[in-house]
Amino acid sequence: MTELEHALVALGGELEFPPTPDLVRAVSGRLQRRRWRRPLVLAVAVAVVALAIAMAVPPARSAILRFFHLGSATVEQVQTLPPAQQRPITAGLGPALVREDAEMAAQFGIRLPKGVAPQQFYAQPGMISTVLRADGKPVLLSELKGDQTVLFKKFASPATSVQPVDLGEFGLWLHGGPHVLMWQFNFGRVHRVETRLAGNVLLWLDQGITYRLEGDLDKSQMLQLAGQITR
Amino acid sequence: MVGRPLDESDLIERAQRGDTHAYEELVHAYQGIAFRTAYVIARNAADAEEAAQDGFVKAWRALGRFRRGAPFRPWLLQIVANEARNRVRSAGRRASLALRAAAEEPSGDAAPSPEAMLLSAEQREGLLAAVNELPEEQRTVLSLRYFLGLSEHEVAEALDVPQGTVKSRTARALERLRESYD
């Protein structure tokens, strides 16, 4: 360093700077406000969309009896089911893909039970699905991630039982009567909705991922399978 | 200069997981250098405060993209400096750097630093006046480099220019100062 540079360093120590304001308090206050605002905005957006879909179905318009929101899923129990057909469990999920391509399309990796290696996967941005075999029966596993990039919702008739289960951060077990499943892809943009009748379903939220298992299994079989995916 | 917390990488990791208390510790550690960097660029205390505050909030939002193990300070100062530059574009009073009142007449009690012994009060005033008369981009580089003690790399990051540009601006500024200072 030259003499001039030393002189500049010395000069720096003699300069008058305004006192540093308390930025910790100001920044902390703004972060807290953001923390509360974002989930509130999302919750309101999800509720509005869910209600809009519900109200678009005439039979459901009259009586929404119960309402659950779980991660990327919304469950509503209505008096009268909207029209829906029995369709294959992968209906509307798009073409079958190899795992690598599906994970790329979904933008996250799927979690599978240990020792299970399905060959076909289905994906949308924020959602990935595959069909497993458990106790000799096909079971659809779907995993959803993100701020409702993909939203799916259900209508359950009063005959369908909806029970909370101790799984992940929060779980629901739906069984009994038929219920209608509606997938809504590209939330907030193109509202493509796929509808079909669904079987027994276990839904749970774990570390930001919403998991869904659907198949002709009972509660204990479904919980055992779920336990192999997340604990 | 500002001391670094011993467990900075741990604080960053915690902040990346959403721990606002960890981030507050980072703000506490870097608020001084962030505010002064913004002040050197904006030359207005209110703009500097706003730029530093907005910079910290934007850095929080961008923490997910921060590469673990990378130095935090240049990354943060780049965001803060960008906020300060945006405010320079708006109209407003810009202050010149000035000496502290006490620095004009050093007290006989305090032992001067070796560097301070190089200059008399008159020389300090003359040198600062010469710095204030430099073209803005040269003055900013010199101020960040020598007055605030930023490394060349940090200056380059803060001003969003290549390190070679920092070197050349520094060289030109020193050359001009030598002409007026000698």
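Letters go in sequence order (proteins before strands), and every chain restarts at 1.
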Under 3.5 Å: donor-acceptor pair, side chain of Q31(B), backbone of L23(A):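 Judged by distance alone, yes, a pair lies under 3.5 Å.
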So do [Y] and [X] actually touch side chain to side chain, heavy atoms under 4.5 Å?
{"X": "F35(B)", "Y": "P18(A)", "result": "yes"}
{"X": "Y23(B)", "Y": "V24(A)", "result": "no"}
{"X": "V27(A)", "Y": "W60(B)", "result": "no"}

To the nearest 0.5 angstrom, please state how far the [atom1] atom of [X] sits from the [atom2] atom of [Y].
{"X": "F56(B)", "Y": "L31(A)", "atom1": "CZ", "atom2": "CG", "value": "11.0 Å"}
{"X": "E5(A)", "Y": "L177(B)", "atom1": "CD", "atom2": "CG", "value": "10.5 Å"}
{"X": "Y146(B)", "Y": "H6(A)", "atom1": "OH", "atom2": "NE2", "value": "10.0 Å"}
{"X": "E3(A)", "Y": "R178(B)", "atom1": "CD", "atom2": "CZ", "value": "10.0 Å"}

Evaluate side-chain contact (heavy atoms from CB on, under 4.5 Å) for L8(A) paired with R145(B), printing each intermediate quantity in order. CA-CA 9 Å; L8(A) 286 167; R145(B) 182 82 181 89; over 6 Å; no
Interface residue of largest heavy-atom contact number with chain A, from T170(B), L174(B), V131(B), under 4.5 Å: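 It is L174(B).
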I'd like to know whether CD of E169(A) has more than 12 heavy-atom contacts from other residues, nucleotides or ligands below 6.0 angstrom.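 Counting neighbours around CD of E169(A), more than 12 heavy atoms of other residues, nucleotides or ligands fall under 6.0 Å, so yes.
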Around Q119(A), counting heavy atoms of other residues, nucleotides and ligands shown, do more than 12 lie under 6.0 Å from its CD?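 Check fails, neighbour count at 12 or below.
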D160(B): partners by salt bridge (charged side-chain N to carboxylate O under 4.0 Å, His left out), with sequence neighbours left out: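 With neighbours one apart ignored, the set is empty.
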Could you list the residues that satisfy salt bridge (charged side-chain N to carboxylate O under 4.0 Å, His left out) with R67(B), not counting sequence neighbours?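 With sequence neighbours excluded, R67(B) shows a salt bridge (charged side-chain N to carboxylate O under 4.0 Å, His left out) to no residue whatsoever.
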